[in-house]
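Step one of this worksheet: look at the structure below.
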There are 2 protein chains.
Amino acid sequence: MTGKPRASKQRDRILEILQSNRIHAGAQWVYEQLRSEYPHLSLGNVYRNLNILVDLGKVNRLPLGSGSDVYEAVKDPHYHFICDRCGEIFDVEIPEELQAEIGRRIQETEGHLVVSRSVEYHGICRECRRRDQ
Amino acid sequence: MTGKPRASKQRDRILEILQSNRIHAGAQWVYEQLRSEYPHLSLGNVYRNLNILVDLGKVNRLPLGSGSDVYEAVKDPHYHFICDRCGEIFDVEIPEELQAEIGRRIQETEGHLVVSRSVEYHGICRECRRRDQ
DNA sequence: GTATCTGCAAAACATTTGCCCTTTG
DNA sequence: CAAAGGGCAAATGTTTTGCAGATAC
């Protein structure tokens, strides 16, 4: 937890997969992607490395509350929109000025210092809206 | 799931406890509160009833991502501030106009319809800030 | 009476951990 | 080689479920 972790082919591949193939993925899905490449790979090791990557700040864990956690490679700050119809997770940008304004109001009215935010928007995504009408 | 559930003393008490004693509580904690009253109460039944109360819209489930879920009686719309130092969960109000503005922007730029929001703010609460300095 | 609710225990998951071997530096 | 990484399987923690009996309507 203090020293720098050693190199690990498996961990490198996990990060690459999150950075390239797909934006939001569960541990099980990452595991399945790598099984052809590392037939003896264990799911436990995927979890271990995802945790390390989260500690290193290279991956975000999204505890979306629907069973298993979802992971994504760290990118520019953004938030998530989850479609309640199809379940897909979309990234959305929210102007920083609005976020800052909210943090400021919370500090003013309650005295709590906002350091980070965990935000999910739910609703119906563009594709599902189009399909419905 | 379709018809109205029958009356249940246990379920009524679970809701009362969430409405009165404490704002944010896990299933295990609710279970412990009721064990003196219903010595044969089972944790499974607490979960069952919490799920029913969530379905009825009387209770919110907060999947905070740290192990077990937390429940609260439904009140006016509000959000949560979680202190990263002491772990306490605080309710915070955020002006509706700001929330509406964010929803409007997401719809404008992405086309997704925002129906609900799941928002947590993290940081250092008033008490911990005072204690630190 | 019959459908729902309950306690109980087992099952189902997601995630973590211990052990012992392998790899890295 | 010493320390970290990995496979494997068992353990853990949370939540759900099947069943037989109790309860509500």
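So that the names make sense, note that chain A is the first sequence line, chain B the second, and so on, each numbered from 1.
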| request: Using a cut-off of strictly less than 4.0 Å, decide whether Gln10(B) has a side-chain nitrogen or oxygen near OP1 or OP2 of dG7(C). | output: yes
| message | Side-chain N or O of Asn45(A) versus OP1/OP2 of dG5(D): is the shortest distance under 4.0 Å? | response | no
| query | Phosphate oxygens OP1/OP2 of dC5(C): is one of them under 4.0 Å from a side-chain N or O of Asn49(B)? | reply | no
| said: I want to verify a distance call: between dC5(C), dA14(C), dG7(D), whose nearest atom is closest to the Arg6(B) side chain? | reply: dC5(C)
| Parallel, tilted or perpendicular, as decided by the 30° and 60° cut-offs, for the rings of Phe90(A) and His112(B) | tilted
| message | So if I take every side-chain heavy atom of Lys9(B) and compare against dA24(D), dG6(D), dT24(C), which nucleotide ends up nearest? | response | dA24(D)
| query | In whole Å, what is the span from the CG atom of Asp12(B) to the P atom of dA24(D)? | reply | 11 Å
| Does Ser42(A) put a side-chain nitrogen or oxygen below 4.0 Å from OP1 or OP2 of dA9(D)? | no
| In whole angstroms, how far is the P atom of dC8(D) from the CG atom of Leu43(A)? | 12 Å
| message | Nearest to the side chain of Tyr47(B), heavy atoms from C-beta on, is which of dT15(D), dC8(D), dC8(C)? | response | dT15(D)
| field | Phosphate-side-chain proximity, Arg48(A) and dT17(C), N/O vs OP1/OP2 below 4.0 Å | value | no
| Rounded interatomic separation in angstrom, taking CG from Leu56(A) and P from dA4(D) | 14 Å
| request: Round to the nearest Å and state the distance from Tyr31(B) atom OH to dT16(D) atom P. | output: 16 Å
| task | Let me know the distance between CH2 of Trp29(B) and P of dT15(D), rounded to the nearest Å. | result | 16 Å
| request: Could you name each residue pair satisfying salt bridge (charged side-chain N to carboxylate O under 4.0 Å, His left out) that touches residues 88-99 of chain B, not counting sequence neighbours? | output: Arg105(A)-Glu97(B), Lys75(B)-Asp91(B)
| query | What nucleotide, of dA24(D), dT15(C), dG5(D), holds the atom closest to the side chain of Ala7(B)? | reply | dA24(D)
| task | For dT6(C), take OP1 and OP2 only and decide whether either is under 4.0 Å from a side-chain N or O of His40(B). | result | no
